Student: 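I have a structure here, written as structure tokens, and I will follow up with some questions on it.
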There are 2 protein chains.
Amino acid sequence: MASVTIYDVAARAEVSIKTVSRVMNNEPNVRPMMREKVLEAAQALGYSPNLSARSLAGSKSFVIAVFVDAALTIDHWRSERGADYLSRIQLGATLQCRDAGYHLLVELIDHEAPQIRQEVGALLAALKPDGVILTPPSSDNAIVLELLNKAGTPYVRLGPEEPDGPGPRVHMDNFAAARDVTEHLAALGHKRIGFVVGEPRHGASQARRAGYLAAMEARGLSVEEAWIRQGDFTFQSGHDAAKALLALPDRPTAIFASNDDMALGVLAAAAEAGVLVPGEVSVAGFDDSPSARFSRPQLTTVRQPVVEMAELATRMLIKGQVKGGAAGAMAEPIDELLPFELIHRASTAPPPVG
Amino acid sequence: MASVTIYDVAARAEVSIKTVSRVMNNEPNVRPMMREKVLEAAQALGYSPNLSARSLAGSKSFVIAVFVDAALTIDHWRSERGADYLSRIQLGATLQCRDAGYHLLVELIDHEAPQIRQEVGALLAALKPDGVILTPPSSDNAIVLELLNKAGTPYVRLGPEEPDGPGPRVHMDNFAAARDVTEHLAALGHKRIGFVVGEPRHGASQARRAGYLAAMEARGLSVEEAWIRQGDFTFQSGHDAAKALLALPDRPTAIFASNDDMALGVLAAAAEAGVLVPGEVSVAGFDDSPSARFSRPQLTTVRQPVVEMAELATRMLIKGQVKGGAAGAMAEPIDELLPFELIHRASTAPPPVG
DNA sequence: CTGAAAGCGCTTACAG
DNA sequence: CTGAAAGCGCTTACAG
């Protein structure tokens with residue numbers, strides 16, 4: 001079927017294509033009557049400007065790309081957390097794109113591949129997106145950031161591991177959130193609080209651990225080395241950590257696992273050991289993943305503003321608030337910190353008396 | 001930064017742009033030596049053909065779009081199932097796109113909106129994707145299908161509710177899968193098997209229920225009306241259904257919930273009622289969602305080949321195996337049925353003796 | 001306020 | 001096997 005073009009609309013409205021263009025782009029300097037005629041013709045013909053043509057002729061592509069790690073997605077497509085985090089980001093981004101007449105392109109990036117430079121370079125050259133949303137580990141990938149800067153493509157780093165790095169970023173305060181969870185446990189009366197650390201390569205893991213330690217210190221609570229167990233953000237690692245913690249002679253009365261998958265593992269280990277939650281041990285997680293509500297008891301956890309982060313990043317990109325290339329480097333640094341939320345559910349309670 | 005164009009490459013390689021075009025598109029009729037020169041120049045310059053220009057000049061856009069329901073995504077972005085199903089589809093599609101140099105565009109469609117016709121029409125006109133992957137409920141939306149046919153855009157219906165409808169489709173056999181689950185329970189020795197029906201508007205709900213009934217009949221097992229409870233695919237509905245089933249005077253020894261969320265609700269209700277799973281009652285689900293492995297006990301369920309379905313659909317679209325518009329209507333009907341897998345886990349066992 | 005011309009970076013159809 | 005010309009459907013820069 002031959003498509004309807006700007007010429008068809010112009011002919012029907014008896015104006016030049018330039019006027020049609022003005023109307024379609026909401027540009028000024030069109031008499032209301034002309035606008036009416038054009039709109040009418042466009043409507044009647046079912047006209048919608050061709051994106052490729054607009055993109056080729058103009059300076060905007062109406063495309064926002066989101067970079068997602070290929071290995072992470074593939075490895076964890078079965079894992080609750082991975083999929084959920086990324087789909088929330090995509091939801092936020094798509095929502096904002098749709099409202100603004102933009103389109104969201106999902107690009108799988110192989111961050112470990114030797115040819116990443118070429119791959120990403122080709123992507124940017126071929127697509128010329130108006131903006132790129134970087135999800136971890138893209139948010140911290142030096143090559144990706146360099147190519148983006150070189151191409152002059154605006155981007156936003158979502159939840160970067162190194163919040164001090166360069167470039168615009170939207171994230172939340174992992175340190176403060178972990179501190180608040182620990183505070184919450186301490187306020188319930190817990191003094192022996194165990195902690196399960198996340199995957200060590202994730203910056204968030206260190207921030208959360210530091211938040212835990214800071215709260216313990218602020219409360220004047222001592223921390224035994226045995227109370228801190230290394231995990232890797234998986235259910236299994238939480239399970240193993242809890243098994244060890246619960247076997248301690250003077251075991252903790254609360255365990256704070258620094259993500260929900262691990263907290264679920266803690267719950268499972270407790271059930272197997274016949275330890276009541278929260279009667280004998282309180283358990284807290286981090287993420288507010290869907291399964292945090294499907295578990296028994298439901299998990300006390302931290303809700304990350306993931307959808308909101310993606311929405312904000314997308315809006316900033318669409319509105320042109322983020323400058324690319326050299327202009328971006330000159331501009332005022334952008335650093336948006338979004339509020340988290342502590343979700344109190346049934347897995348935390350005061351410690352057993354005696 | 002001024003981009004590298006086909007002219008730059010042609011100049012450097014000392015050939016015409018047409019030759020560069022031939023090389024970039026792997027067309028025949030280029031002497032190896034010329035090809036070498038062009039490749040070298042392209043490499044040196046970091047050239048990658050501009051997608052918009054290719055799309056505008058040629059007949060291909062190198063874009064595959066996936067249609068996703070807006071309301072469903074928003075309502076269920078917190079729900080395990082919704083997000084997981086869709087992110088698996090996206091994973092499969094993105095994977096195949098990347099391998100073929102295609103790009104995946106995610107479009108949120110508001111299927112309830114009165115202006116859906118205009119919205120989708122505009123989308124197709126603006127994007128001119130080489131193919132569209134339809135996820136439920138797009139797979140069965142008459143307006144979407146009509147517009148796609150009118151635009152001549154090839155599409156694949158993923159897991160359509162009405163498997164008998166027109167157009168190419170990729171799906172799995174819900175009837176056979178539900179039958180197999182029921183068979184599995186019957187083979188374990190269960191005779192009183194309860195069933196929790198899914199959201200009635202989903203075609204899959206009816207197919208699964210029919211599979212359950214067929215297996216019961218084939219086994220010569222009677223089905224009491226009280227054993228079949230209406231659910232809506234949510235945890236809560238599974239919980240409520242199980243509460244009623246477990247309160248029955250001669251309660252079922254097995255409960256087959258037709259998705260995992262509901263099965264998780266059944267598990268929770270059993271735990272609250274002090275009924276052991278699988279000791280006193282067996283529980284089976286459907287979907288193999290991530291939480292099916294995080295539950296205690298882990299769920300016996302059906303693994304849907306969602307990633308595979310998306311991969312197949314995307315490949316068919318990219319390879320041009322699916323024809324659009326009138327050509328599609330003339331072509332041989334495409335109906336790909338992918339195999340499911342019954343996953344035996346700890347939630348099902350023989351019924352209690354006596 | 002409106003429009004005629006040029007051009008974005010490619011592919012198509014054709015010529016040699 | 002190679003290339004010169006035309007054109008895809010828009011926007012930009014400019015003229016009036």
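In what follows, every heavy atom counts, from backbone to side chain, and hydrogens, waters and symmetry copies are set aside. Small disclaimer: the values here were computed from a predicted structure and weren't measured. A note on names: the letters A, B, ... follow the listed sequences, proteins ahead of strands, and every chain is numbered from 1.
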Student: Among the nucleotides C/dT2, C/dT11, D/dC10, which one has an atom lying closest to any side-chain atom of A/Ile6?
Tutor: D/dC10
Student: Looking at B/Gln321, I'd like to know if its CD atom is crowded, meaning that more than 12 non-hydrogen atoms belonging to other residues, nucleotides or ligands lie closer than 6.0 Å.
Tutor: yes
Student: Please determine, for the side chain of B/Pro49, which listed nucleotide (C/dC10, C/dG3, D/dC10) has the closest atom?
Tutor: C/dC10
Student: Is there a Watson-Crick or G-U wobble partner for C/dA15 with both distances under 3.5 Å, and which nucleotide is it?
Tutor: D/dT2
Student: So among B/Ile64, B/Thr153, B/Leu317, which one has a side-chain contact (heavy atoms from CB on, under 4.5 Å) with B/Pro129?
Tutor: B/Thr153
Student: Where each residue is assigned the nucleotide of DNA chain D containing its nearest heavy atom, which of A/Ser21 and B/Thr19 is assigned the position nearer the 5′ end?
Tutor: B/Thr19
Student: Less than 4.0 angstrom from a charged side-chain N to a carboxylate O is my criterion; do A/Glu146 and A/Arg117 meet it?
Tutor: yes
Student: Whole-Å distance between D/dG9 C1' and A/Asn25 CG?
Tutor: 13 Å
Student: Is there a side-chain contact between B/Asn50 and the phosphate of C/dG9, meaning an N or O under 4.0 Å from OP1 or OP2?
Tutor: no
Student: A/Lys18 NZ to C/dA4 P: how many Å, rounded?
Tutor: 13 Å
Student: Hey, is A/Lys60 close enough to A/Asp130 for a salt bridge, meaning N to O under 4.0 Å?
Tutor: no
Student: Give the rounded distance in Å between these two atoms: CZ of A/Arg35 and C1' of C/dT2.
Tutor: 13 Å
Student: Return the value, rounded to whole Å, for the distance between atom OH of B/Tyr7 and atom P of D/dA5.
Tutor: 11 Å
Student: In whole Å, I'd like the distance from the NZ atom of A/Lys37 to the P atom of C/dC1.
Tutor: 16 Å
Student: Please tell me which of the listed nucleotides, C/dT2, C/dC14, D/dC10, lies nearest to the side chain of A/Val30?
Tutor: C/dT2
Student: Figure out the CE/P separation between A/Met24 and D/dG9, and round it to whole Å.
Tutor: 15 Å
Student: Side chains of A/Asn141 and A/His111: donor-acceptor distance under 3.5 Å anywhere?
Tutor: no
Student: Can you measure B/Arg54 atom CZ to D/dC10 atom C1' for me and round it to whole angstrom units?
Tutor: 20 Å
Student: Quick one: on DNA chain D, does B/Arg31 or A/Val4 contact a more 5' nucleotide (nearest heavy atom)?
Tutor: B/Arg31
Student: For B/Thr5 and C/dG9, is the shortest distance between a side-chain N/O and OP1 or OP2 below 4.0 Å?
Tutor: no
Student: Rounding to an integer number of Å, can you tell me how far B/Lys60 NZ sits from C/dT12 C1'?
Tutor: 14 Å
Student: So what does A/Ser59 hit on the nucleic acid, given a heavy-atom distance under 4.0 Å: a base, only sugar-phosphate, or nothing?
Tutor: sugar-phosphate
